[in-house]
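Below: one structure, written as structure tokens.
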Amino acid sequence: MAGAAFALGVGGPAVLAPLSAHGDVTPQPVDTSKLPDIGAAWLKANPYRGNADAIKIGQSAYGQNCARCHGLDAISGGIAPDLRYLDKDDAGDEWFIQRFQHGSARDGKVYMPPMGEALGQKAGWAIRSWLDTKYDG
Ligand code: HEC
């Protein structure tokens with residue numbers, strides 16, 4: 001999908017800033033070749049939980065693809081939800097990967113661009129593995 005597709009008008013709740021304020025939202029590729037293959041079908045629970053390689057890869061992938069909206073080190077500045085508060089483990093996995101894969105759009109406005117196709121689920125679960133280490137419920 002072209003980056004331009006993300007440049008749709010964004011308004012809505014005041015806490016959400018327009019995407020254009022964040023500059024380039026083109027997903028940055030993530031090298032997940034070190035991680036075990038998990039097939040093409042999207043899983044609902046994190047296959048990499050606690051995996052040290054996944055946590056490391058996820059930290060960097062988060063910094064490149066998510067931090068501009070969700071905040072450095074997962075501490076939100078208010079533009080987007082603070083991901084430290086997502087439910088931990090299985091309870092939050094499915095919701096996490098759903099948002100990662102499809103993003104969020106309402107009434108024709110894009111609040112979060114989809115990431116699944118560009119980054120792949122291995123990168124998604126790596127990010128989730130790192131976020132688990134930041135959990136602050
Ligand atoms: C352009 C800004 C932007 C980027 C980049 C972005 N997000 Fe989001 N994200 C949002 C916004 C805004 C929401 C809230 C959406 C809504 O209210 O519908 C959100 C919601 C979420 C949620 C649901 C949170 C909740 O509490 O319900 C998850 C999980 C999430 N994002 C993960 C990610 C991950 C992982 C990345 C990086 C791969 C990422 N996001 C990149 C803006 C962004």
Side-chain angles (χ1 to χ4, degrees):
M1 187 191 290
F6 303 149
L8 302 170
V10 173
V15 69
L16 303 174
L19 286 183
S20 58
H22 309 297
D24 183 11
V25 294
T26 307
Q28 298 301 303
V30 178
D31 181 1
T32 55
S33 52
K34 261 183 145 175
L35 300 176
D37 274 330
I38 49 180
W42 285 79
L43 305 176
K44 290 186 162 61
N46 187 359
Y48 300 146
R49 189 176 301 147
N51 177 315
D53 285 334
I55 291 170
K56 214 169 133 197
I57 291 166
Q59 177 170 21
S60 143
Y62 175 91
Q64 298 207 320
N65 291 291
C66 323
R68 71 176 69 93
C69 295
H70 289 282
L72 286 177
D73 210 33
I75 301 169
S76 173
I79 293 170
D82 195 308
L83 300 180
R84 292 173 299 162
Y85 306 139
L86 273 186
D87 283 346
K88 209 168 154 55
D89 301 335
D90 284 352
D93 279 357
E94 189 172 351
W95 177 240
F96 169 86
I97 209 68
Q98 188 328 99
R99 277 288 185 248
F100 174 82
Q101 189 179 1
H102 301 296
S104 173
R106 286 191 298 279
D107 305 328
K109 294 168 188 158
V110 174
Y111 291 88
M112 172 175 157
M115 300 280 175
E117 209 172 308
L119 299 181
Q121 73 159 329
K122 289 175 77 176
W125 290 123
I127 292 169
R128 172 70 174 159
S129 301
W130 175 70
L131 279 173
D132 273 350
T133 70
K134 297 278 149 189
Y135 177 70
D136 187 14

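This structure is a prediction, so every number in the text was calculated from the model and none was measured. Just so you know, ligand 1 is whichever comes first in the structure, and atom 1 is the first atom listed for that ligand.
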Show me which atoms of ligand 1 lie under 4.0 Å from any heavy atom of [X].
X      : value
Phe100 : 38 (C)
Phe96  : 29 (C), 35 (C)
Ser104 : 15 (C), 16 (C), 18 (O)
Asn65  : 5 (C), 37 (C), 38 (C), 41 (C)

How long is the gap from [atom1] on [X] to [atom2] on [Y], to the nearest 0.5 Å?
X      : Y      : atom1 : atom2 : answer
Asp90  : Arg49  : CG    : CZ    : 5.0 Å
Tyr48  : Ile57  : OH    : CD1   : 8.5 Å
Ile75  : Arg84  : CD1   : CZ    : 5.0 Å
Thr133 : Arg128 : OG1   : CZ    : 11.0 Å

To the nearest 10°, how many degrees is the angle His70 NE2 to atom 8 (Fe) of ligand 1 to Met112 SD? 170°

Judged on heavy-atom distance to [atom], which of [options] sits nearest?
atom                    : options                       : value
atom 36 (C) of ligand 1 : Gly58, Ala126, Pro81, Cys66   : Cys66
atom 42 (C) of ligand 1 : Tyr62, Tyr111, Trp95          : Tyr111
atom 24 (C) of ligand 1 : Asp93, Ile97, Leu83           : Leu83
atom 3 (C) of ligand 1  : Ala118, Ala105, Cys69, Gly116 : Cys69
atom 22 (C) of ligand 1 : Arg99, Arg68, Gln101          : Arg99

I need the contact type for [X] against ligand 1. Using non-hydrogen atoms and a strict under-4.0 Å cut-off, is it side chain, backbone, both or neither?
X      : answer
Pro113 : side chain
Tyr85  : neither
Leu86  : side chain

So ring pair (Phe, Tyr, Trp, His ring centres under 6.0 Å) across residues 69-100, not counting sequence neighbours, yields none

Heavy-atom contact under 4.0 Å between Arg128 and ligand 1? no

Do NZ/NE/NH1/NH2 and the carboxylate oxygens of Lys109 and Asp107 come within less than 4.0 Å?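 Looking at Lys109 and Asp107, the cut-off is not met.
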
Set of side chain to side chain donor-acceptor pair (under 3.5 Å) partners for Asn65, sequence neighbours left out: none

Which one of Asp87, Asn46, Leu86 satisfies the side chain to side chain contact (heavy atoms under 4.5 Å, CB included) criterion with Asp93? Asn46

Assess whether atom NZ of Lys88 is packed by more than 12 heavy atoms of other residues, nucleotides or ligands within 6.0 Å. yes

